[in-house]
Amino acid sequence: NPSEMQDILQIVVQAFMRMKKVRLNPSCVFVHQNVSDITAGEKNIDGRRRLQQTLDEMTKLAAKDEVYEAECFSDVIRFDVQNDVKYFAQLWEGSPPMAPPNPNYCENIQELKKTIMSHVSKSQGIMLKGLKEHIKDLSEALLNEQFLFSFRNTLEISAYRKLETEYSKWSWSLRSAMMETENKLHNQIENEAIHEVEDIDLQRELMKTSEEVKKKKSDFFEKYTDADILIQWKASFEIKIKELQENIVRETKKKLNEILQQRNLKKKIIAQRTQHENSLYEKSKELALKLKYKANDEETLMKEFDLFWEQSLKLIIRDTPVIKDTDIMRDASEMLSNIDEGHVDHQKNCSEHNDILSVTNYSEYIIYKQLSRNDIKEAANNHCARVKELSETQIGKLVTDVVQQTDKMIKLFNISKMGYNSSYIKQLIDCINTGVTEHEEGQVKYVFKNKFFIDLVLSICNRAKEMITDQHRLFREANDPVIYVEKKREEYFSIFQKYCHEATSTVIFGEIICQKLKEPIEQSVYKKTARALTDELRSNSESLNGNRSKLEKHILKTLAEEEDFNKYMNYIHNPRDHFKRFISDE
């Protein structure tokens, strides 16, 4: 069936474009069976021309999708339309079962055999060992292209990618609306207007956007050019949208209820802060009244205010518990020392550990288990290199999985709101230890040296250090009364000057109110700007205005242009991390 053949070849051509690593040199021959009139030469020439045209068009479509340079089918799969298209007569001459074989059919078979042998004679040949490696490479490449082989033809892939792009727009509409709701409710929480957030409140706020998304989705599935192709995914994408909606409602509820908890915890801090502010305000007012006669001597005013400010800060520091700086690497090393005193010199390990996240060879970290007879036989059959390669892959996957798990844990600690605690490092170490132990107890032929666990813990802590430190800094800035008051220095000096110049209370209170309003207004503007900027990027940034496949093409293009080896390694070993960095840079 020509249409079935065309569908299959579209996917095959696109797969060969993607599977460059396999280094195959494919060719093909088309055989049309049961062609009754073999002598109809003109008809066959016309058929060949149409076949060539169809194959070339199909290749151009696939090449466009894969950003691959190919103008015709033979650029991907070696094929000569004049010699590689065969027409076979029927096998039987007459009606079976008594009909003799058709001699023309036998001639066709001989001709086909001759053509194939002609192709083979031009090849350099391959050893059985090489054939085995080729089949292994091909098998791995096929497994990596599961996405591609789940479609019937290139048209289906194109339609699915368009659907993905639209889904990205729908999901952003829902997220953006929920972010707006979150900001509104956040303000109400800060103003103590609400004391609890329920699912039903958030769903009500999201209702309008949800209906708009439903309408857009419905229009897309009905009016898209290839609507008959898209219909097969309609149900699954409706479930995806529903699940997304439930997830963002659940996430927002959790986040807002955490803010409610923090508001209750911060009441004491806010009361303390207000007390400091009132005290500073009254004292600066008293000092200003004493210095009225020196109002025009700016230098004297500045000196007097500096002295007053220094004394006031000393009193605040004396009455306030200090929020300490973090030293993640020291905490990690000390905890490792407590776990295994005999093996860990924590001062040395803190600075001299290997960065296991960039290691590509783990041989120095493992000891192979004692093998049974069957294992020795299997190792001999598979060759040591194969066993070693498998071990490297398994360990690389373990490291990636542990990194992703610890990243999630760090986010759940919510350090920017709750502050840093050394117990967080203990939780990370326990998580890493569990992952490594479970891996060793699984289907692996090795155990880890102690050095692997130590380097893995210190590498992950070193990677997380910047993020944890930044989050703790935000916590300090928001909660340390000394930092808070220090930020208000210019504000108080301005009020102090006005009192010295005998400004009216109305003017001074007007300024205080403006300064109080400044920060919440700024925060509101920042949040709105973030959403507006995201909309702008999704519309105008070439790499971010499509689906994931388009983003990956831009990442690969950027890698090729920059020619930075470390970025290649990061992309290969930590693709999730590389994607995040690329999006952040964009």
Side-chain angles (χ1 to χ4, degrees), residues 1-91 102 104-124 134 138 141-142 145 147-162 225-226 228-229 549 553:
N1 182 327
S3 65
E4 275 181 19
M5 178 190 74
Q6 188 179 323
D7 281 353
I8 291 164
L9 278 172
Q10 278 187 342
I11 297 298
V12 170
V13 166
Q14 197 154 347
F16 276 125
M17 287 176 181
R18 292 172 74 98
M19 300 190 303
K20 302 177 189 82
K21 184 187 168 188
V22 185
R23 301 181 307 280
L24 293 173
N25 186 20
S27 60
C28 70
V29 176
F30 292 89
V31 178
H32 299 263
Q33 281 204 99
N34 299 328
V35 179
S36 54
D37 188 6
I38 287 292
T39 56
E42 282 299 316
K43 184 182 171 186
N44 293 345
I45 289 167
D46 190 49
R48 282 193 176 103
R49 186 181 54 76
R50 280 202 310 276
L51 175 67
Q52 179 83 64
Q53 196 176 343
T54 305
L55 293 173
D56 290 350
E57 282 171 7
M58 175 194 78
T59 306
K60 281 178 190 172
L61 191 66
K64 186 182 175 187
D65 202 45
E66 293 300 327
V67 193
Y68 187 96
E69 287 183 21
E71 287 297 316
C72 56
F73 179 75
S74 55
D75 287 344
V76 183
I77 297 174
R78 197 169 66 252
F79 166 68
D80 177 357
V81 73
Q82 297 304 323
N83 301 312
D84 293 333
V85 181
K86 306 295 179 189
Y87 295 92
F88 272 32
Q90 291 177 347
L91 172 59
N102 187 339
N104 287 339
Y105 186 88
C106 301
E107 285 170 18
N108 297 149
I109 289 284
Q110 283 300 321
E111 194 183 332
L112 176 63
K113 182 181 174 183
K114 190 177 169 185
T115 302
I116 292 171
M117 294 309 290
S118 166
H119 282 311
V120 171
S121 65
K122 293 170 191 170
S123 166
Q124 294 297 312
H134 245 53
L138 180 61
L142 292 176
E145 297 303 337
F147 171 80
L148 193 66
F149 291 117
S150 63
F151 297 97
R152 281 200 294 269
N153 54 43
T154 308
L155 210 58
E156 270 199 5
I157 296 173
S158 179
Y160 188 83
R161 285 188 171 148
K162 179 66 181 166
T225 322
D226 297 304
D228 54 326
I229 294 174
S549 172
K553 283 174 192 170

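Worth saying up front: this structure is predicted, and the values here are computed from it rather than measured. The first residue in the sequence is number 1, and the count goes up from there.
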> Under the 3.5 angstrom rule, does the side chain of Ser118 hit a backbone N or O of Lys114 as a donor-acceptor pair?
Replying inline: no

> Considering residues at least two apart in sequence or located in another chain, which fulfil the side chain to side chain contact (heavy atoms under 4.5 Å, CB included) criterion with Leu112?
Replying inline: Val29, Val31, Lys86, Phe88, Ile116

>> Which heavy atom of Asn108 sits nearest to which heavy atom of Ala89, and what is that distance?
In response: OD1-N, 2.9 Å

> Under the side chain to side chain contact (heavy atoms under 4.5 Å, CB included) test, which residues partner Asn83, sequence neighbours left out?
Replying inline: Asp80

>> The criterion is side chain to side chain contact (heavy atoms under 4.5 Å, CB included); which residues satisfy it with Cys28, sequence neighbours excluded?
In response: Phe30, Phe73, Ile77, Phe79

> At what distance, to the nearest 0.5 angstrom, does CG of Leu91 lie from CD of Gln33?
Replying inline: 8.5 Å

> What pair of heavy atoms forms the shortest contact from Asp84 to His119, and how long is it?
Replying inline: OD1-NE2, 3.2 Å

> Among all residues two or more places apart in sequence or in another chain, which pass the side chain to side chain donor-acceptor pair (under 3.5 Å) test with Asp75?
Replying inline: none

> How long is the span from the NZ atom in Lys60 to the CG atom in Asp56, to the nearest 0.5 Å?
Replying inline: 6.5 Å

>> Just to verify, what does Ser27 make a side chain to side chain contact (heavy atoms under 4.5 Å, CB included) with, not counting sequence neighbours?
In response: Arg78

>> To the closest 0.5 Å, what do you measure between OG1 (Thr115) and CD (Gln110)?
In response: 11.0 Å

> Ala63 and Ala70: which non-hydrogen atoms are nearest, and at how many Å?
Replying inline: CB-O, 3.9 Å

>> Once side chain to side chain donor-acceptor pair (under 3.5 Å) is applied, do any residues pair with His32, and if so which ones, sequence neighbours excluded?
In response: none

> Val76 versus Gln14: any side-chain heavy-atom pair under 4.5 Å?
Replying inline: no

